[in-house]
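Note sheet for the following structure.
We're numbering straight along the sequence, starting at 1.
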Amino acid sequence: LHIERLAVGHTMAITGLSYNAAGDAIFTSSLDGTARRFVTATGAQAFAATHGAPIHDVAQSADGQWLATAGENNLVKIWNASNGAAGPKTDFAGFTAPVKSVTFTGDNLRVLAGSAANQVLAFNLATGLVEQLFLEHTGAVEALAVAGEKGTVVVSSSVDKTVRAWSLAVVRQLAGHTGPVNAVAAI
């Protein structure tokens with residue numbers, strides 16, 4: 001094995017790694033609470049973004065525009081992949097325990113995350129709202145992957161010794177209501 005470039009900067013264990021499609025950047029996450037971008041040609045650090053707690057995983061959106069970090073503080077945070085600036089919707093909450101894994105759907109519309117409380121949450125990337133919640137695991141969700149043409153099949157693995165495949169439902173919010181919605185009917 002020949003090491004071509006050494007990328008340094010983290011002060012604690014590296015917990016996640018993502019290589020961008022263009023081949024010019026490597027993204028890392030660490031227990032030191034930072035996500036970093038390194039230039040592959042030189043190994044130089046391009047940015048360090050601070051999550052505010054140890055980070056367990058990092059993922060890059062399919063279009064290369066966004067990064068997501070999964071934190072010990074029960075949050076997923078979104079970052080601009082080119083400069084490390086906060087994304088348009090920064091914090092994705094709703095977890096009852098540390099977030100262990102994170103990924104994006106292939107169509108860049110959702111970010112998914114798995115937690116130490118056996119949860120998999122699917123968020124709308126634009127609004128930050130939870131669109132789906134999966135609670136079938138009986139142990140921490142350690143890894144997530146997406147498959148399918150639009151990345152709408154989710155595969156999760158857990159310390160409960162299972163791998164599960166999920167299908168993301170099409171979820172739409174019908175806007176325009178000015179008060180509580182008390183009933184619906186299918187037509």
(request) Please examine the side chains of Q65 and N108, heavy atoms only from C-beta on, and report whether any two atoms are closer than 4.5 Å. (result) no
(request) Locate the shortest heavy-atom distance separating E142 from V159; write the atom from each residue and the value. (result) CG-CG1, 3.7 Å
(request) Would you give the length of the straight line joining atom OG1 of T28 to atom CD of Q45, rounded to the nearest 0.5 angstrom? (result) 8.0 Å
(request) Work out which heavy atom in I78 is nearest to a heavy atom in A68; give both atom names and the distance. (result) CD1-CB, 3.8 Å
(request) May I have the step-by-step check of side-chain contact (heavy atoms from CB on, under 4.5 Å) for L135 and L133, ending in yes or no? (result) CA-CA 7 Å; L135 295 171; L133 169 65; 3.9 Å; yes
(message) Using only atom types and a distance under 3.5 Å, with no angle test, would you say the side chain of D57 pairs donor to acceptor with the backbone of G16?
(response) no
(message) Could you check whether any side-chain N or O of T34 sits under 3.5 Å from a backbone N or O of A49, counting only pairs where one atom can act as donor and the other as acceptor?
(response) no
(request) Determine the minimum heavy-atom distance between N83 and F47, stating which atoms define it. (result) C-CD2, 3.4 Å
(message) Please report the interatomic distance CG(N20) to CD(Q60), rounded to the nearest 0.5 Å.
(response) 5.0 Å
(request) State, with a plain yes or no, whether a side-chain heavy atom of F104 is found less than 4.5 Å away from one of V146. (result) no
(request) Taking all heavy atoms of A126 and all of K89, pick out the closest pair and write down the distance. (result) O-CB, 4.3 Å
(message) With rounding to the nearest 0.5 angstrom, report the OG to CZ distance, S61 to R110.
(response) 14.5 Å
(message) Using 0.5 Å steps for rounding, measure from the OG atom of S115 to the NZ atom of K100.
(response) 10.0 Å
(request) Indicate the atoms forming the closest heavy-atom contact of L125 with F92, along with that distance. (result) O-CZ, 3.8 Å
(message) Salt bridge or not between E136 and R164? Use side-chain N to carboxylate O under 4.0 Å.
(response) no
(request) Taking T105 for its side chain and T152 for its backbone only, find out whether a donor-acceptor pair lies under 3.5 Å. (result) no
(message) Please check this pair: side chain of T138 against backbone of D160, looking for a donor-acceptor N/O pair closer than 3.5 Å.
(response) no
(request) Determine, using the 4.5 Å side-chain heavy-atom cutoff (strictly less than), whether V130 and F95 are members of one ILVMFWY cluster. (result) yes
(message) Between S30 and A13 (side chain of the first, backbone of the second, donor and acceptor by atom type, cut-off under 3.5 Å), is there such a pair?
(response) yes
(request) With rounding to the nearest 0.5 Å, note down the distance linking CD1 in I55 to CE in M12. (result) 12.0 Å
(message) Rounded to the nearest 0.5 Å, what separates atom CD in E131 from atom CG in N124?
(response) 4.5 Å
(message) To check you understand the geometry: which heavy-atom pair defines the closest contact between N73 and H51, and what is its length?
(response) OD1-NE2, 2.9 Å
(message) Can a donor-acceptor pair be found, under 3.5 Å and without considering hydrogens, that links the side chain of N80 to the backbone of A85?
(response) no
